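The structure appears right after this line, and notes come after that.
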Amino acid sequence: MDDSSSPDCLFCKIAAGLIPTRFVYEDDTVVAFPDISPVSPLHYLVIPKQHFTSIIEVPVEVMGRVHQAILQIVAKEGLSTKGFRLVNNSGSDGGQVVAHVHWHLLAGRKHTWPPG
């Protein structure tokens, strides 16, 4: 782990390769991998490799890299026309469970509103 990682953070360990995970996307800033408790037929988590607790802390440059990663995954999975849902939970009231900023990319079924 580097200085931008949190040693007790599950997602930092995954990003660093310390916990074996199949990446569906990886570059020098971002990784994406299947959620272990999927709520959709396609359910990926997209995270920056650097540790940020919430979206409030993420610099614009990193947000841009996350966005580019999501666009590449959407194109690769053929989701551009059918659609998908992208979710970021922030803080306990927002439903955030893991204290490492992440986005849920959900697809493969019709999603309803409100989400829950």
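Keep in mind the model is a prediction, meaning the values are calculated, not measured.
In terms of heavy atoms, Phe84 sits closest to Leu105 at CD1-CD1, 3.4 Å. Contact record, His100 with Pro48: NE2-O, 2.8 Å, taken as the closest heavy-atom pair. Closest of all the heavy-atom pairs between Val58 and Ser54 is CG2-O, 3.6 Å. Of all heavy-atom pairs spanning His51 and Ala99, the tightest one is CE1-O, 3.1 Å. The two atoms that bring Ala107 and Ser40 nearest to each other are O-CB, 3.5 Å, heavy atoms only. Pro41 and Gly108 get closest at one heavy-atom pair: CG-O, 3.4 Å.
Cluster partners of Phe33 are Leu10, Phe11, Ile14, Ile19, Phe23, Val31, Leu45, Ile47, Val98, counting Ile, Leu, Val, Met, Phe, Trp and Tyr whose side-chain heavy atoms approach within less than 4.5 Å, directly or via other members. Other members of the cluster containing Trp113 do not exist, because no ILVMFWY side chain is joined to it at under 4.5 Å. The hydrophobic cluster of Val97 has no other members, since no ILVMFWY side-chain heavy atom comes under 4.5 Å of it. If you chain together ILVMFWY residues whose side-chain heavy atoms come under 4.5 Å of each other, Val39 ends up grouped with Val87, Leu106.
In this structure, Asp35 has no salt bridge (Lys or Arg N to Asp or Glu O under 4.0 Å) partners at least two apart in sequence or on a different chain. Residues satisfying the ring-ring contact (aromatic ring centres under 6.0 Å, His included) test with His43, not counting sequence neighbours, are His104. Looking at residues two or more places apart in sequence or on another chain, you find a side chain to side chain contact (heavy atoms under 4.5 Å, CB included) between Pro59 and Phe52, Glu61, Val62. Under the rule for a side chain to side chain donor-acceptor pair (under 3.5 Å), Thr21 has no partner lying at least two apart in sequence or in another chain. Shown here are the salt bridge (Lys or Arg N to Asp or Glu O under 4.0 Å) partners of Glu26, two or more places apart in sequence or in another chain: Lys49.
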For a side chain to side chain contact (heavy atoms under 4.5 Å, CB included) check, start with the C-alpha distance between Val46 and Tyr25, then their side-chain angles and the critical distance, and finish with the verdict. CA-CA 8 Å; Val46 182; Tyr25 178 89; over 6 Å; no

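Among residue pairs with one or both ends in residues 102-115, none qualify as salt bridge (charged side-chain N to carboxylate O under 4.0 Å, His left out); sequence neighbours excluded. Sorted by first and then second residue, the side-chain hydrogen bond (donor to acceptor under 3.5 Å, both in side chains) pairs with a member in residues 79-95 form an empty list; sequence neighbours excluded.
Using modelled atom types, one side-chain atom of Gln96 and one backbone atom of Thr53 make a donor-acceptor pair closer than 3.5 Å.
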Which pairs of donor and acceptor atoms, one on a side chain in residues 66-77, lie under 3.5 Å apart (sequence neighbours left out)?
from	atom 1	to	atom 2	distance (Å)
Lys76	NZ	Val24	O	3.4
Glu77	OE2	Tyr44	OH	2.8

